[in-house]
**Student:** 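Below are the structure tokens for one structure; questions will follow.
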Amino acid sequence: MDARMDLFANPVSAAILKRIGAVGAVVAGSDLPAATQELVKIRASQINGCGFCTDMHTKEAAHAGETATRLHLVAAWREATVFTEAERAALELTEQGTRIADAAGGVTDEAWEEAARHYDEDRLAALVSLIALINAYNRVNVLVRQPAGDYRPGQFG
């Protein structure tokens with residue numbers, strides 16, 4: 001399968017992705033734990049059916065030392081015992097922030113308060129931005145049918 005368009009060859013999409021990447025660099029450089037960042041990216045990508053991002057972020061997480069057990073259980077995090085309370089709060093916020101249309105009221109106060117209990121305002125700002133950012137990437141990749149499976153850790157940075 002080939003992508004519908006080459007996002008990096010088109011000057012408009014390449015310029016947009018460069019700017020989105022700059023936002024990602026700010027989040028990556030924040031104090032939000034790197035493991036949490038990858039878990040959030042994986043979970044949102046799973047929900048959105050973005051094979052490219054799921055492939056990328058599971059490989060990046062494994063390359064950074066994440067365990068296979070935790071990676072395999074991201075989709076079933078509620079039933080898994082391998083995630084910290086803070087990670088669980090981030091995953092809940094990710095799910096609610098990704099499935100906005102599925103929840104009449106959007107993100108619940110309970111999910112927000114639980115995340116705020118574990119993350120200070122700077123980390124919470126990074127988490128909220130990361131959830132929005134990965135959802136943007138997922139949508140771009142799903143729209144162009146970016147194929148999955150060939151990503152190599154560090155390929156884009």
**Student:** Can you tell me how far CD of E66 sits from NE2 of H57, rounded to the nearest 0.5 angstrom?
**Tutor:**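 Here the interatomic distance stands at 14.0 Å.
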**Student:** Minimum heavy-atom separation for C53 to S45, with atom names?
**Tutor:**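 Nearest heavy atoms, C53 then S45: CB-OG, 3.2 Å.
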**Student:** Between T54, N135, T98, which is the residue that forms a side chain to side chain donor-acceptor pair (under 3.5 Å) with N48?
**Tutor:** N135
**Student:** Can you name the nearest heavy-atom pair linking S13 to D6, along with the distance?
**Tutor:** OG-O, 4.3 Å
**Student:** Please report the closest heavy-atom contact between Q146 and A3, naming both atoms and the distance.
**Tutor:** OE1-CB, 3.7 Å
**Student:** Is there a path of hydrophobic side-chain contacts, each under 4.5 Å between heavy atoms of I, L, V, M, F, W or Y residues, that connects V23 with L130?
**Tutor:** no
**Student:** Which word best sums up how the rings of Y151 and F52 line up, parallel for under 30°, tilted for 30 to 60°, or perpendicular for over 60°?
**Tutor:** perpendicular
**Student:** Distance check, rounded to the nearest 0.5 Å: C50 atom SG versus I42 atom CD1?
**Tutor:**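 With rounding to 0.5 Å, SG (C50) is 12.5 Å from CD1 (I42).
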**Student:** Report the C-alpha distance between I131 and L93 in whole Å, list the side-chain angles of each, state the deciding distance to 0.1 Å, and finish with yes or no for side-chain contact (heavy atoms from CB on, under 4.5 Å).
**Tutor:** CA-CA 8 Å; I131 293 166; L93 194 65; 4.0 Å; yes
**Student:** Looking only at heavy atoms, what is the nearest atom pair of S30 and Q37, with distance?
**Tutor:** OG-NE2, 3.9 Å
**Student:** Checking E87 against R70 for the salt bridge (charged side-chain N to carboxylate O under 4.0 Å, His left out) test, could you report, in this order, the C-alpha distance in whole Å, the side-chain angles of both residues, the deciding distance, and whether it holds?
**Tutor:** CA-CA 11 Å; E87 290 168 338; R70 283 171 43 98; 2.7 Å; yes
**Student:** Between V142 and V140, is there a shared hydrophobic cluster once you connect ILVMFWY residues whose side-chain heavy atoms come closer than 4.5 Å?
**Tutor:** no
**Student:** Would V40 and Y137 show up in the same hydrophobic cluster when neighbours are defined by side-chain heavy atoms closer than 4.5 Å?
**Tutor:** no
**Student:** Donor-acceptor pair, distance only, cut-off 3.5 Å: does the side chain of R123 make one with the backbone of D31?
**Tutor:** yes
**Student:** Nearest 0.5 angstrom please: L39 CG to R88 CZ, how far?
**Tutor:**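 Taking CG in L39 and CZ in R88, the distance rounds to 11.5 Å.
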**Student:** Could you please spell out the steps behind the salt bridge (charged side-chain N to carboxylate O under 4.0 Å, His left out) verdict for R78 and E92?
**Tutor:** CA-CA 9 Å; R78 282 183 178 83; E92 180 66 34; 2.5 Å; yes
**Student:** Do L17 and F156 belong together in a cluster built from hydrophobic side chains that touch within less than 4.5 Å?
**Tutor:** yes
**Student:** Should V74 and F83 be marked as a side-chain contact (heavy atoms from CB on, under 4.5 Å) after you check the CA-CA gap, both sets of side-chain angles, and the distance that decides it?
**Tutor:** CA-CA 9 Å; V74 171; F83 301 105; 4.2 Å; yes
**Student:** With side-chain contact (heavy atoms from CB on, under 4.5 Å) as the test, would you mind laying out the steps for L7 and N141 before giving the verdict?
**Tutor:** CA-CA 9 Å; L7 296 168; N141 286 316; 4.1 Å; yes
**Student:** Give, for atom CG of L32 and atom CG of D122, the distance between the pair rounded to the nearest 0.5 Å.
**Tutor:** 11.0 Å
**Student:** Using every non-hydrogen atom in the two residues, find where V27 and A126 come nearest and quote the distance to one decimal.
**Tutor:**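 Result for this residue pair: CG1-O, 3.9 Å.
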**Student:** Surrounding CZ of R152 (heavy atoms of other residues, nucleotides or ligands, distance under 6.0 Å), is the total greater than 12?
**Tutor:** no
**Student:** Show your reasoning for whether side-chain contact (heavy atoms from CB on, under 4.5 Å) applies to Q96 and W112.
**Tutor:** CA-CA 10 Å; Q96 290 191 23; W112 181 263; over 6 Å; no
**Student:** Supply the atom-to-atom distance R43 CZ to L91 CG, rounded to the nearest 0.5 angstrom.
**Tutor:**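 Answer rounded to 0.5 Å: 8.0 Å.
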**Student:** What heavy-atom pair brings A89 and H118 nearest, and what distance separates the two atoms?
**Tutor:** CB-CD2, 3.8 Å
**Student:** Would I20 and I134 show up in the same hydrophobic cluster when neighbours are defined by side-chain heavy atoms closer than 4.5 Å?
**Tutor:**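 Looking at the clustering, I134 is in the same group as I20.
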**Student:** Going through the checks in order, is the salt bridge (charged side-chain N to carboxylate O under 4.0 Å, His left out) test met by K41 and E38?
**Tutor:** CA-CA 5 Å; K41 290 183 263 189; E38 291 301 333; 3.2 Å; yes
